[in-house]
Amino acid sequence: MADIPSGLLEACVVVGAASDKLREVHQSHQQGKIKELPLLGAEVLQVHAPPFVTKESASSETQAHAPAFSRVQRRRSFIKKKKERAGIANGETAKGSDGGGDTTTEDISVPKDLDLIALPQLCFPGGLQIASEQREDSYHYLVFTDVFGNRTHAVVVQYYRPIQDVGHQNGHRSSSKSSRLYTAYGICVISKYPYYNALRDCLSCLLTQLKPSWMGDFEERVKEFSAKLALVPIPPPGQLHVVFNLRPLQIGLPSREDKDRPAVDLDLHLPFLCFRPRQLLQIITSLLTEQRVVLLSCDWARLTLLAESLMLFIHPLVWQHPFVPILSRQMLDFLMAPTAYLMGCHLHHYEEVAAETDDLILVNIDDGTVSSSWSDGIDLPDVPMAAAECFITRVEGLQVHYDLEVCHLGASTEVNERRAQRKQWQRKLNTHIQNITLELIVNIFREVHDHLNYEHRVFNSEEFLRSREPADQPFYKKVLDTHIFHSFLKDRLNRKMDAFTCMELSTRTEDYRLRSMTESPRRPTMQELARKYTSPESRLSKRLGASLPNLGESGGSLVGPLRQTSFKNIQVDSGMKSPQRPVRFFKLPEFPPPLAYHYVQNYYQEMITLLGKAISGAASEDSSLLARYHYLRGFVNTVAGKRLDALEDFQNLYKTDTDIFPGELVNALVDSLQEGEQALADRRPEIKRLISRVKRDHERERARHVDQGVKRFQLPKKHMQLEDFVRRVQESGIVKDQGTIHRLFEALTVECCKSSLGWHGGGSAVKASSQSIFYLDSNLEGQQKQVDPEIFRVFYTFWKETEAEAQEVALPASALEHLEANECVFKLSSSVKTSHGVGKIAMTQRRLFLLTEGRPGYMEVTKFRDIEEVKISSAPFLLLRIPSLKIKTTLRKETFEVNLKSEVDLWHLMVKEMWAGRKMADDHKDPQYMQQALTNALLMDAVVGCLQSQKAIFAATKLAHFDRMKLEVPLMVPKTTSETLKHKINPSLDLTSPQAVDVLLYTPGQLGVSSDSEGDGNPKLWCALSDGKVVVFDAASWSMQQNQVQVGTSRVNCMLGVDRQQVWIGTQDSVIYIISTRSMSCNKQLRDHRSEVTGLSLGERSEKYSPKVAYSCSAEGTVMVWDVSTLQVRKQFRVSCDRLQSVQLCNGTLWCCARDCIMEVWKNGMLHRKICLPEQLCGSPTAFSSFLLYHEREQLWTACIDVGELCVWHLREPTKPFQRIQLPDCAGVTCLIKVKNQIWVGGRGWSSGKSRGKIYVVDAQRHTVEKELVAHTDCVQALCSAEDRYVLSGAAREDGKIAIWKVE
């Protein structure tokens, strides 16, 4: 049977001195034989671990007075008494006696991962001290790590009891107070979960019972206490906390914020009380660079609390090395380990540790200092300056003193009320601290994703390092080689939507988002160059601007506006805020007698009843809270043995929130089903589907555990054919687009021609004179070109050197004034003579300009859009004629001439390509054409630079893509199209090739909505691409907000904006995925359909407060009605048709569009009327593709797949269409939408003799085609309206772009 996860308690262990040792010390002290009280060795006295009661033990209780505490799951036995073991070893027989516990044996069950040998040392790390007077209780915290890196947590309390006089009788204590001694007992509560404060409070409650009790009751009270904690369930991730009464305190278990974070139940501000911000940064640096770190303190409790806080500070990076926050004095040899580690020991070992071990980072918690064991200073690289300054500023604004927060409040007379108030303050402060430390990690690693190749799982570390500020490079050089960073990279390449990703996305500047909309080579912008020559204080880098969204770009220092000297809390920026949802509490029933089976079962039943009531109350209120209640009830049903009820709860959870679905628990639950339960499960379709899905997901997860790893980019060492060449170029980060890489391949292999080949015998390999390529053996089919690795190395080196040179471009102030902030210098000529003096020609993405020499100055040559003619000429120079480039513009009468000498051919190609790209970008309203032209021009430069041969210029012409297009097929954009088209965007920019735009959805924004409540409030455009990818754009700026949300792996058929919080997506894999607009993640799935989901529609509300419903349909004809709040199916029926394609609700009836007919159906599923294909189309193989209801005119508009016409029907007499509208040059229609008084029609047709995606704008009243728009190079597949102001169209794979059209 699979292991079922436990509750709060893993085990409770009592540690102390052996009774015979205590008796011996007591007698010696009474007799005056010892002057100093000795340190005794501690040993395990008791172990209590679940299960405490079972069904089998319940039956035995009725037959005998055996203890209710029963152990049926024997994991490993621990014999408590050393004396007995010695006796057995000597061949003696253990005998029991009525008076003493010395001779009794007890077989104790121990959790399999618990090491009882080391535990006594950790419970008494300073040794077990006998005392002559009562001492205060002392708490400290432990962490155990297994070989797989799984951590177990513990809280230990040391408390003192008087040593009983050996001569006392009948349990009476000794009356001799003058000679009384006290011994310490350690009670260690162990849990899989880091609930340090909660477990400390539990132990405090236990001590109130133990101190006044007799020693004879000690074991039974600890057992009962342990059994109670084993009944406490762990809250699921989210906003639901669990509270329970353990008199005299009410104790709370906070939930994890999300499934990737641990629960936070400690005071995260403690490190800020111990260290200044710069010391904290040094400690964090030592962890990120994987140093050997030793924490030291006189207080054992501080060691673990500080160590655990540091682990949370570097989240989502995970420490991969030994983690032992407390070392006893016998364990100091661990510090000699050669690997990186984080360990802690007592401060009085400081000198010994520093002297014996080299290369340690010593962190003195009590003094707040950080030092090294090998020198007076500390040799650690500094955290990048921009991130460090931001962190320090944030920390200085924290309010970490609770007394200042409550000084205006009166004294509370109730202890639990006072504790709740303190916890609420601590929870809020912890959230602020986690945001600050997460922002630090985001600022440090924000630009890592710019240097990742997701397709080939490559990180270009050299390029990333080269792009860092020189002062920051030592830090990154150390961090990039660590295990912790490697694991972080794997999460990035897996596109993990964790806290890092969410903050990084939410804090991107609009400039960055707009810049990322076009793929262009990296060069410093004018704004960055201007910053480069200003003071260091104002150079806190463009990278930090994203994390400080409340600061304008024109601000001088990033530090000034944020500093606060008052006691008020810092105002956390909107980009740094994580959405705060109200915390809910579920209070557990009062504990029953925990060692009786039937009482425990009644307790579980009471908890299930309370959760049922909570589910009924939360159903229409909050689906997220509802999911947490289902999770909790499923867990309780599991431990109560009600497996089928538990599976039903987990099935409801799966539909409500897949993010917190406990796959391992459910898989273990399924494995534990008995035969009868399995048979009952098979009769319940939903549970049967859940079981099959869990098994399938489990197998998939096991297969996914194969470590794909992260590759570092390396130059090739072998000749590359086309496929390998494409991969290498993509890995290098030079360019992603496959079409461009194919042209680059042709350019680097252009010198392969038979005239330059030498034959060496029949059938032997034929080698080219150039080293760039060679042909394979002539006996092979065809001749495959290959690029030589040396040529690739020279090409790559030239490209990178050109990038590096651009970083050092020094422009005069006059040039910076004339150029736009986001312009970059991409090419700079040598010093040449021009018709306007001597200087250097510079090329940006917008213009050419001259940097004059002598007296530095700026003169604009031309913007690319203003060029009229570019040609090569020759200029006389003495007796020679030097090649020159002549550029004629529309703004100047005179022609600009520049004597570029040997560079003239290259500049001629580059300028013509940029000119052609600019013209296409203007004509098609698509800025990506300009960026592609720029990439082509720079690749030409690199090809010419690396080939260095006579045919280098001819090779570069292979990359003149847009100039060739302009010459071969002039792509004239019709006037009507140009006037109506506003803009184009490319949703496939992050992909290696264009993807089809299958569905478009526009969701309106809402003014005045704050980012922490309902998202950013801006309208959004949702774009579904191939294979379940969804890209989200900010429709206010048309910048990409989310580059990819994955919803399965199948084609998306439909999308529906249900409300501001969720978008429903129907796919070919028969699932409706629900995306949260807050987190931009898919956390809910509706799996009731048995065939692909083809249509979604929102229901009409009859009353203001009536439940909101949604309709969905699948291809085989099933229609389902959903309650949006509960995500339950309220009704379902089936219609008979050939592939149901869409549904729409209108005036109380449901219209269903199938391939062969359109049906009007009553809400109960009864057919009202049916409209078949028009007579003239009945014999053809065509089918309905879409329909549109025009309510105001009582009309139905229909379109067919392979027919270039629209049919208009009267709803009163839908026997045949009364109007047929012919669409000129149309081969078929795919989609229809109504915008104002117009019908916009998307499909495919012909333009200039070629197949194109076309849009027709039809007047809805006159039934005439007003506009014919040549929209895309491939079929228009999707249309949507943006508040009747714009229409957006998406095209099939060959085009793959979205066009934005103005509506008149």
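Throughout, residue positions are numbered sequentially from 1 according to the sequence presented. Only a predicted model underlies this, so the values are computations on that prediction, with no experimental measurement involved.
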Between Phe485 and Tyr476, ring centroids under 6.0 Å = no
Glu447 CD to Ser467 OG distance, which is reported to the nearest 0.5 Å = 6.0 Å
At what distance, to the nearest 0.5 angstrom, does CZ of Arg278 lie from CD1 of Ile283?
-> 14.5 Å
Using distance alone, with no hydrogens and no angle criterion, decide if Arg457 and Asn494 have a side-chain donor and acceptor under 3.5 Å apart.
-> yes
Roughly how far, to the nearest 0.5 Å, is the CD1 atom of Ile436 from the CD1 atom of Ile441?
-> 13.0 Å
Check: Phe334 ring centroid to Tyr341 ring centroid under 6.0 Å | no
Kindly indicate, with the supporting measurements, whether the criterion side-chain contact (heavy atoms from CB on, under 4.5 Å) is fulfilled by Leu310 and Val293.
-> CA-CA 12 Å; Leu310 292 171; Val293 183; over 6 Å; no
From CZ (Arg446) to CG (Asn443), nearest 0.5 Å | 5.5 Å
Flag for Tyr196-His153: side-chain donor and acceptor within less than 3.5 Å | yes
Taking the side chain as C-beta and beyond, is there a heavy-atom pair between Leu362 and Val370 under 4.5 Å?
-> no
Using atom types as modelled and distance alone, determine if a side-chain donor or acceptor of Thr482 lies under 3.5 Å from a backbone N or O of Val479.
-> yes
Contacts of type salt bridge (Lys or Arg N to Asp or Glu O under 4.0 Å), residue Arg302, not counting sequence neighbours | Asp299, Asp366
Could you tell me which non-hydrogen atom of Ala263 sits nearest to which non-hydrogen atom of Pro194, and how far apart they are?
-> O-CG, 3.5 Å
Would you confirm whether Ser297, through its side chain, and Ile365, through its main-chain N or O, come within 3.5 Å as a donor-acceptor pair?
-> no
Check step by step if salt bridge (charged side-chain N to carboxylate O under 4.0 Å, His left out) holds for Arg466 and Glu803.
-> CA-CA 10 Å; Arg466 196 179 291 116; Glu803 275 190 354; 5.3 Å; no
Heavy-atom closest contact (Val318 atom, Ile484 atom, distance) = O-CG1, 3.2 Å
Leu266 vs Ser309 side-chain heavy atoms within contact, under 4.5 Å = yes
Give a yes or no answer on whether the side chain of His140 reaches the backbone of Leu122 with a donor-acceptor pair at less than 3.5 Å.
-> yes
Heavy atoms from other residues, nucleotides or ligands near CZ of Arg495 exceed 12 (cutoff 6.0 Å) = yes
Please assess Ile444 against Val383 for the test side-chain contact (heavy atoms from CB on, under 4.5 Å), listing each intermediate value before the final yes or no.
-> CA-CA 8 Å; Ile444 292 173; Val383 169; 4.0 Å; yes
Below 4.0 angstrom, N of the basic side chain to O of the carboxylate: do Glu455 and Lys736 qualify?
-> no
If we ignore angles and hydrogens, is there a donor and acceptor under 3.5 Å between the side chains of Gln121 and Ser328?
-> yes
Does Leu332 reach the side chain of His349, with side-chain heavy atoms less than 4.5 Å apart?
-> yes
Do the side chain of His456 and the main chain of Val458 share a donor and acceptor less than 3.5 angstrom apart?
-> no
Tell me, do Val363 and Phe275 make a side-chain contact under 4.5 Å, heavy atoms counted?
-> yes
Taking side chain as C-beta onward, heavy atoms only, is Ile433 less than 4.5 Å from His269?
-> yes
Might you point out which heavy atoms bring Thr285 and Pro381 nearest each other, and give the distance in Å?
-> CG2-O, 3.2 Å
Could you verify whether a donor N or O on one side chain and an acceptor N or O on the other, from Tyr350 and Ser371, lie under 3.5 Å apart?
-> yes
Could you pull out the closest heavy-atom pair between Gln282 and Leu380, with the gap in Å?
-> O-CD1, 3.6 Å
Looking only at heavy atoms, which two atoms of His449 and Tyr454 are closest? And how far apart?
-> CB-OH, 3.7 Å
Greater than 12 external heavy atoms within 6.0 Å of His483's NE2 | no
Gap between atom OG1 of Thr431 and atom CG of Leu268 - 0.5 Å precision | 9.0 Å
Any side-chain donor-acceptor pair under 3.5 Å between Arg292 and Thr357?
-> no
Using the benzene-type ring in the case of Trp, are the ring centres of Phe272 and Phe313 under 6.0 Å apart?
-> yes
When you measure from the centre of the six-membered ring of Phe464, is the NZ or CZ of Arg468 under 6.0 Å away and within 45° of the axis?
-> yes
Is the backbone N or O of Asp367 less than 3.5 Å from a side-chain atom of Asn364, with the two atoms forming a donor-acceptor pair by type?
-> yes
Answer yes if the side chains of Gln434 and Asn430 hold a donor-acceptor pair under 3.5 Å, and no otherwise.
-> no
When you measure from the side chain of Ser255 to the backbone N and O of Gly238, does any donor-acceptor pair fall under 3.5 Å?
-> yes
Arg712 and Glu462: salt bridge (charged side-chain N to carboxylate O under 4.0 Å, His left out), yes or no, with the steps?
-> CA-CA 9 Å; Arg712 298 289 176 93; Glu462 291 184 6; over 6 Å; no
Got more than 12 heavy atoms from elsewhere within 6.0 Å of CD, Glu356?
-> no
Measure the spacing between NZ of Lys259 and CG of Asp659 and express it to the nearest 0.5 Å.
-> 5.0 Å
Work out which heavy atom in Arg261 is nearest to a heavy atom in Ala499; give both atom names and the distance.
-> NH2-CB, 2.8 Å
Trp425 and His401 aromatic centres sub-6.0 Å | no
Does the distance from a Lys or Arg side-chain N to an Asp or Glu carboxylate O, for Asp498 and Arg492, drop under 4.0 Å?
-> yes
Do Phe713 and Phe459 have ring centroids that are under 6.0 Å from one another?
-> no
Chi angles and distances behind the salt bridge (charged side-chain N to carboxylate O under 4.0 Å, His left out) call for Glu257, Arg427 | CA-CA 11 Å; Glu257 189 169 332; Arg427 187 163 55 244; over 6 Å; no
Could you check if a side-chain atom of Asp359 sits within less than 4.5 angstrom of a side-chain atom of Ser373, using non-hydrogen atoms only?
-> no
Donor-acceptor pair between Arg727 and Gln730 side chains, under 3.5 angstrom = no
Between Trp319 and His321, what is the ring plane arrangement, given parallel below 30°, perpendicular above 60°, and tilted in between?
-> perpendicular
Relative to Phe323, does Arg151 satisfy both conditions: NZ or CZ under 6.0 angstrom from the six-membered ring centre, and within 45 degrees of the ring's axis?
-> yes
Are Phe488 and Phe500 close enough, and set up right, to give a ring-ring contact (aromatic ring centres under 6.0 Å, His included), and what steps lead you there?
-> CA-CA 10 Å; Phe488 172 78; Phe500 177 94; 5.0 Å; yes
